[in-house]
Amino acid sequence: MIEPATEAQLGEAIRDAKANLKIRGGGTRPIGAQAAGEVLSTANLSGISLYEPGALTIVAQAGTPLADVEAALAEQNQRLPFEPMDHRALLGTEGTSTIGGVVAANISGPRRIQAGACRDSLIGVRFVDGHGTVLKNGGRVMKNVTGYDLVKLMAGSYGTLGVISEVAFKVLPASGCVATLKIAGQSVEQAVASMSAALGSPFEVSGAAYITGATPLTLLRIEGFEASVSYRAKQLGMLLADHGDMDVETEPEVSKALWKDVRDVGPLTEGAGNIWRMSVKPSDALAVVAALPDAEVMLDWGGGLIWAKTPQTTDVRTALTGIDGHATLVKGSGFPTFHPEPAPVAALAAGLREKFDPKGILNAGLMA
């Protein structure tokens with residue numbers, strides 16, 4: 001295993017490499033084709049480089065544990081806006097999630113519908129490309145990107161274009177109060193209608209999810225100052241009064257546990273089967289669920305994100321023919337991990353990899 005402790009050592013390791021390198025942060029998200037090769041770990045590139053609470057900015061090296069970043073922010077009553085998911089329970093992995101790994105996979109949670117994805121909060125990045133060259137894009141303030149927006153490009157590239165060494169984020173104040181509206185017993189169609197109504201209201205919903213099971217449960221989250229949350233929860237309850245039996249959870253720790261379960265796909269972690277992550281238009285959620293009658297499903301982002309546990313023989317992509325979106329096989333076997341790209345997009349992606357990694361050594365084949 002190669003374990004560089006500095007960015008310079010990282011560049012040297014990549015320049016000297018003659019064969020494929022398997023890029024690893026904390027090892028909690030082994031998603032994609034795991035090709036053979038020597039492991040290049042970023043774990044020793046750790047530490048918060050800069051934190052300016054007044055400027056709502058934090059800069060950290062890629063191997064910094066996500067928990068350390070979140071703890072530093074919590075001390076100043078701040079948070080990462082995009083609520084990154086923890087994959088360990090779902091994938092059965094151990095290790096420590098790193099902030100670089102979160103960026104490399106563009107990991108976002110339930111609050112994405114309000115605050116945007118990981119890449120939307122990312123304002124700067126440093127990385128080493130396949131030549132061993134250190135590149136920098138963005139910075140420590142918003143609206144300072146000129147030329148190619150490599151910040152957005154690196155988010156979700158899974159280490160195939162370069163190895164991230166440092167990231168910079170805009171952060172937000174943490175919520176002072178939270179309320180979760182719970183509607184029990186809805187069908188998928190009813191839940192999507194309720195979530196759509198809530199998200200289309202002026203009441204600033206920060207989470208909209210639906211969990212199937214013996215007692216299906218629709219969850220709607222409102223956050224902010226206590227008086228505002230109380231008012232908005234009441235008004236949203238009145239708006240959805242005819243949508244079913246409703247309960248309002250105001251205990252912060254209970255709401256936190258509910259949304260952690262949604263964030264980490266808790267209802268689907270037990271038992272055998274393939275785990276699929278599908279991104280579609282919320283209005284297509286009902287069609288997706290209908291096309292997968294043997295699946296256990298969970299909806300997030302108002303129905304725009306669908307998690308499904310299916311039998312290993314179920315070809316989800318074929319079942320969803322005619323529905324716009326993409327499906328990723330997060331856990332399981334029998335099918336490619338990533339959704340096949342249209343020919344023009346595949347050609348563009350290949351061209352980018354040729355430019356950034358001409359030797360073809362950075363997580364080669366991982367996104368095939």
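For reference, positions follow the sequence shown, starting with 1.
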Please check if the side chain of [X] supplies one atom and the backbone of [Y] the other of a donor-acceptor pair under 3.5 Å.
| X | Y | result |
| --- | --- | --- |
| Thr6 | Gln9 | yes |
| Asp315 | Thr318 | yes |
| Thr64 | Gly47 | yes |
| Arg317 | Pro336 | yes |
| Lys170 | Ile123 | no |
| Glu249 | Glu251 | yes |

Exercise for review: Check the pair Gln78, Leu172 against side-chain contact (heavy atoms from CB on, under 4.5 Å), reporting the backbone distance first and the verdict last.
Suggested key: CA-CA 6 Å; Gln78 294 181 344; Leu172 292 177; over 6 Å; no
Closest approach of [X] and [Y], non-hydrogen atoms and distance?
| X | Y | value |
| --- | --- | --- |
| Ala327 | Val316 | CB-CG1, 4.2 Å |
| Asn137 | Leu150 | OD1-N, 2.7 Å |
| His131 | Asp129 | N-OD1, 2.9 Å |
| Thr269 | Gly266 | OG1-O, 2.9 Å |
| Ala184 | Thr215 | CB-CG2, 4.3 Å |
| Gly365 | Ala33 | O-CB, 3.4 Å |

Counting only pairs under 3.5 Å, give me each side-chain donor-acceptor contact of residues 224-231, with atom names and distances, residues two or more places apart or in other chains.
residue	atom	partner	partner atom	Å
Ser228	OG	Arg232	NE	2.9
Ser228	OG	Arg232	NH2	3.3

Gap separating the [atom1] atom of [X] from the [atom2] atom of [Y], nearest 0.5 angstrom:
| X | Y | atom1 | atom2 | result |
| --- | --- | --- | --- | --- |
| Leu161 | Leu362 | CG | CG | 8.5 Å |
| Leu236 | Leu220 | CG | CG | 6.0 Å |
| Thr180 | Lys256 | OG1 | NZ | 13.0 Å |
| Leu286 | Ser187 | CG | OG | 7.5 Å |
| Leu181 | His243 | CG | NE2 | 12.0 Å |
| Leu305 | Leu299 | CG | CG | 8.0 Å |

Check your understanding: Are a donor atom and an acceptor atom from the side chains of Ser46 and Gln61 found within less than 3.5 Å of each other?
Key ->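 Absent: no donor and acceptor within the cut-off.
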Exercise for review: Return yes if a side-chain donor-acceptor contact under 3.5 Å exists between Ser194 and Gln186, otherwise no.
Suggested key: yes
Tell me which donor-acceptor pairs under 3.5 Å the side chains of residues 95-119 have, and how far apart each pair is, sequence neighbours excluded?
residue	atom	partner	partner atom	Å
Ser97	OG	Arg29	NH1	3.2
Ser97	OG	Arg29	NH2	3.3
Thr98	OG1	Gly101	N	3.2
Asn106	OD1	Arg119	N	3.0
Ser108	OG	Cys118	N	2.9
Arg111	NE	Glu223	OE1	3.1
Arg111	NH2	Glu223	OE2	3.1
Arg119	NH2	Ala155	O	2.6

What pairs of donor and acceptor atoms, side-chain ones from residues 11-24 against any protein atom, are under 3.5 angstrom apart with sequence neighbours left out?
residue	atom	partner	partner atom	Å
Arg15	NH1	Gly132	O	2.9
Asn20	OD1	Ala364	N	3.0
Asn20	ND2	Ala36	O	2.8

Please answer: with hydrophobic residues joined when any side-chain heavy atoms are less than 4.5 Å apart, are [X] and [Y] in the same cluster?
| X | Y | answer |
| --- | --- | --- |
| Val167 | Val163 | no |
| Val151 | Val128 | no |
| Phe203 | Met195 | yes |
| Trp301 | Val289 | yes |
| Val178 | Val262 | no |

Does a side-chain heavy-atom distance below 4.5 Å link [X] with [Y]?
| X | Y | result |
| --- | --- | --- |
| Leu73 | Ile58 | yes |
| Leu153 | Phe356 | yes |
| Ile164 | Met154 | yes |
| Pro4 | Leu40 | yes |
| Ile31 | Thr337 | yes |
| Ser175 | Arg79 | yes |
| Leu217 | Tyr210 | no |
| Glu38 | Met1 | no |

Under the salt bridge (Lys or Arg N to Asp or Glu O under 4.0 Å) test, residues paired with [X] that sit two or more places apart:
| X | answer |
| --- | --- |
| Lys136 | none |
| Asp86 | Arg88 |
| Asp247 | Lys182 |
| Asp264 | Lys260 |

Exercise for review: Can you sort out the partners of Glu94 under side-chain contact (heavy atoms from CB on, under 4.5 Å), two or more places apart, ordered by chain and number?
Suggested key: none
Point to revise | Partners passing side-chain contact (heavy atoms from CB on, under 4.5 Å) against Pro173 (at least two apart in sequence or in another chain) | key: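 Once residues adjacent in sequence are excluded, the partners of Pro173 under the side-chain contact (heavy atoms from CB on, under 4.5 Å) criterion are Leu56.
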May I have all residue pairs that pass ring-ring contact (aromatic ring centres under 6.0 Å, His included) and include part of [range], sequence neighbours excluded?
| range | value |
| --- | --- |
| residues 97-127 | none |
| residues 70-111 | Phe82-Phe169 |
| residues 304-346 | Tyr158-Phe338, Trp276-Phe335 |

Review point. Going through the distances and angles, do Leu135 and Arg126 end up as a side-chain contact (heavy atoms from CB on, under 4.5 Å)?
Key: CA-CA 6 Å; Leu135 300 175; Arg126 292 178 66 95; over 6 Å; no
Exercise for review: Take Thr310 and Asp294 through the side-chain contact (heavy atoms from CB on, under 4.5 Å) test and state the conclusion after the steps.
Suggested key: CA-CA 7 Å; Thr310 69; Asp294 296 327; over 6 Å; no
Practice item. Let me see the working for Arg221 and Ser206 under side chain to side chain donor-acceptor pair (under 3.5 Å), right down to the final yes or no. Key: CA-CA 5 Å; Arg221 181 174 59 188; Ser206 68; 3.0 Å; yes
